[in-house]
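Here the structure is laid out as structure tokens; the discussion comes afterwards.
Within every chain, numbering begins at 1; the chains are lettered A, B, ... in the order of the sequence lines, protein sequences first and strands thereafter.
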Amino acid sequence: MATMLAQQLLNALSLGSIYALFALGFTLVFGILGVINLSHGGLFMLGAYAALFFLEAHWPAWIALPTAILVTGLIGLLIDLLILKRLRRQQAPHLMPMIATIGTTILMTSLAQGLFGAESRHFPLSFFDNASLTLGSLTLPYAQVVIILIAFGTMIVMGWLLKKTRLGIALQAIAESPRAAALLGIPVERLFHLTSFLAAILGGIAGILVGLSFNAISPFMGQPMLHKGIAAIILGGLGDMRGAVLGGLFLGFAEVLAVTYLSSEYRDAFSFGLLFLVLLWRPQGLFGATHVRSA
Amino acid sequence: MNWVDWWATYSTLVLSVGVYGMMALSISLTLSCGLLALANAAFMGIGAYVSAIATTTFELPFYPALLLGTLGSTLVALLIGLPVLRLSGVYLAMATLGFGEVVRIILLNLDITGGPLGLNGIPLLTQWWQVLLALLSTVIVLQCLRVSRIGRAFEAIREDETAARLMGISTHPLKLLAFVMGASIAGLAGGLNAHYTFTLSPGNFGFENAVDILTMAVLGGIRGLPGPLLGGAIITLLPEVLRDLQEYRMAANGLILILVVLFLPQGLWDSQRFRGWFKRA
Amino acid sequence: MLMMCLSLGVLPVHAADPVRIGVAEALTGPASQYGIPILNGFLLAADEINSAGGINGQKLLLITEDERGKKEEAINVFKKLIFQEKVLLIFGPTLSNSMFAAGPIANAAHVVAFGTSNTATGITDIGPYLFRSSPMESDVVPATLKAVGAHIPLRRVGIIYGNDDAFTKSGYDVFKSSLQQQQVAIADTETYARGDVDFKAQLTKLKAAQVDAIICPCLAEEGANILIQARAMGLSAPFIGGNGFNSPALIDNAKSAAEGTWVGSPWFDGNAAAENQHFLRAYRQKFHSDPNQFSAQSYDALMMVAQTIKKITFTPQLDKNRELLRAALPMVSFVGATGPFSFRPAPPHQGKPGGYDAHQTPFVYVVRQGKFTLVR
């Protein structure tokens with residue numbers, strides 16, 4: 001029983017770290033740009049397909065994967081330059097960017113399906129096939145170990161970037177008030193572009209990790225992940241980076257523990273019911289700062 | 001093609017245009033009050049399921065079944081509206097999306113709703129004139145509301161809730177009224193929809209539909225009643241109109257959405273823009 | 001007299017008009033991973049029929065529409081095919097849920113709706129114009145369990161299935177009742193939702209339940225993932241799958257993790273019968289990929305319809321021709337890529353006549369050395 005619990009906690013950690021990584025990029029755009037970027041799921045999917053494309057072109061993994069991440073980042077940047085920037089300039093009602101990102105998601109999904117087919121694909125690699133480490137009575141599949149290491153590594157780098165660098169401080173100023181930040185001489189518009197780029201990179205990394213470890217790349221993989229991402233950032237407090245990471249981890253643990261102690265049938269009812277309650281009781285999120293920035 | 005064949009081919013599509021017009025109006029009502037509530041798909045689902053269970057399992061006639069469906073979603077809206085409407089902005093959007101997921105999961109796990117197999121063999125009862133009547137009544141009620149004191153209060157709340165409260169408008173009951181009325185319209189639309197599509201499954205009323213309905217209203221423009229109707233018609237017809245593009249038709253659908261948002265950020269039906277045209281002329 | 005000659009002269013032209021067949025499948029959206037192989041099966045069959053001179057001199061014309069796996073679009077497409085395209089019969093739609101929506105349209109218009117991929121119970125309750133060539137899980141599962149039970153002990157099993165999908169849920173219901181009939185204990189039941197990729201929490205529980213086998217009425221894509229993750233965490237019990245497991249994608253994706261997996265299904269790619277070998281060869285030549293069960297079933301369906309049409313003498317009236325086809329179809333006796341096939345009338349539903357279900361003996365096979373191998 002103790003072994004099973006330990007094993008389940010490990011499962012929760014790897015699942016939660018993917019949610020956290022995805023949610024971090026999602027919340028970054030909301031925190032800085034004030035946009036609910038519904039194409040974040042699309043970027044997640046795109047990252048996985050870009051990696052698949054380069055790997056199938058027989059590029060070595062150490063070139064293919066970083067290139068795929070970069071491509072995803074550039075697409076995120078492109079969405080900002082072509083669409084979000086224009087809407088900011090027009091001071092469009094705040095729902096408009098959200099609708100536009102629905103449009104880009106439909107576009108990306110449809111193109112991915114046209115180019116790669118609807119069936120789920122897998123990388124032509126077999127790093128992790130069936131392999132695992134054994135620690136006492138615990139089984140640690142390599143896939144899980146890699147997910148946890150890369151996800152946390154990426155999040156630590158992002159955390160450092162946002163907290164300790166001048167760039168991070170400038171971004172925090174924008175998150176508080178873009179107008180005040182502009183008055184302080186911060187190049188707000190350029191940092192908006194950078195944020196979109198970074199967020200897309202995070203989404204892309206999450207997509208590649210899911211592709212690598214679960215062998216399930218499909219044009220529709222973004223939508224379920226987007227739901228989890230929404231849940232994670234609400235739990236963590238909208239726009240709060242630390243909260244998104246904690247919210248993602250929390251969601252992973254909630255789901256796995258619901259399967260372990262309740263029943264897998266009620267997993268989603270449990271996590272969404274929980275979400276609903278959290279919103280009513282603490283709309284600023286479980287881990288969010290106490291102030292609620294009106295959106 | 002003669003008229004009989006045309007109607008035989010496209011009658012369902014025409015009904016859908018009407019029903020989704022009602023859905024777009026229902027969400028525009030809450031939006032006009034400044035509430036970004038995305039529970040309309042869920043309320044449509046409740047109305048659809050309740051009325052379909054009434055006509056199939058309990059063999060009730062159509063009108064009482066429609067009434068039950070409408071009442072069902074109205075009642076649920078009252079219950080969740082009380083706590084949920086304390087939230088605002090994006091938080092309300094997220095909470096109502098979460099509520100939608102909970103409804104979907106409940107529909108999946110109940111026996112009376114048929115679980116993932118859904119409800120099948122629902123009789124064909126909805127007639128075109130019933131949809132037209134429901135749509136017209138909705139438009140008339142909403143138009144009366146807009147020009148009434150309540151409508152002006154909604155506008156005041158949307159512009160600045162704190163100021164509205166200071167002016168002595170009791171904002172909470174009014175917001176609840178908008179939310180519950182929106183749910184009633186959605187419930188009625190759901191009941192009508194269930195009785196011309198023969199089947200219901202929980203996936204019909206999920207996240208994707210909630211977002212679709214929002215898109216209809218925003219795309220059409222929420223500053224008047226023609227906007228949501230236009231948006232509902234366009235989003236319903238677009239996949240059919242783009243049929244010839246085959247596997248890329250959804251790509252075109254997405255692209256059109258982006259272009260409209262970029263070039264007509266107030267929505268397609270913007271009375272101020274139209275007024276501008278006449279001024280220049 | 002002159003008039004009569006003219007009208008007689010028109011007749012041969014009529015005879016050379018193509019036979020119009022509607023195909024309504026999900027060609028975009030998530031369900032298109034099944035809809036496209038289905039369409040391929042139809043395209044292959046139509047090619048073969050037309051290059052052999054068509055049906056009694058008439059070419060076969062497929063009119064294909066995308067129903068996106070959505071109920072409203074399925075209805076719209078059915079109406080378009082029936083009232084505008086004036087087709088003789090409609091194949092599709094892809095998902096059972098879509099058939100529940102579109103089937104009543106065809107039934108009311110007295111046009112045959114022929115499903116090649118719908119396995120849910122109740123489809124043929126819609127009415128006498130409903131046909132399907134896909135056997136229900138209830139025809140496949142008991143035979144599968146019996147065959148597997150003859151090879152490995154089956155006393156305690158675990159189940160994992162998707163509980164938000166009509167296909168996997170129907171599969172689960174049938175497995176559950178068959179297991180109860182065959183007095184096999186169900187030690188643990190786990191579920192997942194569509195789009196899940198991480199099944200480790202559920203598999204950890206199944207591993208702890210120490211079962212003889214794990215029943216997985218899943219689709220091949222999820223199934224492959226479940227197999228990989230189960231093996232990676234040291235869960236060694238064999239898996240038993242239904243219809244959905246019968247796909248080259250299962251072995252392609254899961255590779256060695258698929259070893260020892262049992263599958264019961266109406267089509268077996270290793271079936272040496274000439275009809276199946278011909279189908280495999282022709283499909284690979286045309287599409288440069290391996291067919292799956294969905295393509296085999298749609299290929300057979302069009303072939304058997306063509307065979308039936310050959311025996312019908314068409315009138316100039318479409319309505320009558322549609323009725324003639326409906327009357328002739330139940331008599332089909334056909335051997336195709338999926339083996340011998342005939343229809344079985346569904347029992348009347350609430351006093352109304354039902355449609356026609358598939359009557360077929362399923363194959364049961366197991367994955368050995370990366371290949372499906374027939375059991376028995």
Note to self: Side chains of A:His40 and A:Val29, heavy atoms from C-beta outward: is any pair under 4.5 Å?
What the structure shows: no

Just list the side-chain donor-acceptor pairs under 3.5 Å for residues 224-242 of chain B, sequence neighbours left out, or say none.
| from | atom 1 | to | atom 2 | distance (Å) |
| --- | --- | --- | --- | --- |
| B:Thr236 | OG1 | B:Gly232 | O | 2.6 |
| B:Glu240 | OE1 | B:Arg243 | NE | 3.0 |
| B:Glu240 | OE2 | B:Arg243 | NH2 | 3.2 |

Region of [X] that comes under 4.5 Å of a non-hydrogen atom in chain A:
| X | value |
| --- | --- |
| B:Ile256 | neither |
| B:Thr215 | both |
| B:Leu108 | neither |
| B:Leu262 | both |

Next item on the list: Assess whether atom CD of B:Glu208 is packed by more than 12 heavy atoms of other residues, nucleotides or ligands within 6.0 Å.
Entry: no

Margin query: Does A:Phe116, at its CZ atom, have more than 12 non-hydrogen atoms belonging to other residues, nucleotides or ligands within less than 6.0 Å?
Written below: yes

Next item on the list: Report the C-alpha separation of B:Asp160 and B:Arg165 in whole Å, then their side-chain angles, then the decisive distance to 0.1 Å, and conclude whether the salt bridge (charged side-chain N to carboxylate O under 4.0 Å, His left out) test is met.
Entry: CA-CA 9 Å; B:Asp160 188 339; B:Arg165 207 179 301 133; over 6 Å; no

Note to self: For the backbone of B:Ala93 and the side chain of B:Thr96, can you confirm whether one donor and one acceptor N or O come within less than 3.5 Å of each other?
What the structure shows: yes

Measure [X] against the heavy atoms of chain B and call it side chain, backbone, both or neither at under 4.5 Å.
| X | result |
| --- | --- |
| A:Leu238 | both |
| A:Met98 | side chain |
| A:Leu226 | side chain |
| A:Ile99 | both |
| A:Glu265 | both |

Margin query: Just so I understand: if I count every heavy-atom pair under 4.5 Å between each of B:Gly98, B:Ser88, B:Ala95 and chain A, which residue has the most?
Written below: B:Ala95

Item checked: B:Phe43-B:Phe99 aromatic ring centre distance below 6.0 Å -> yes

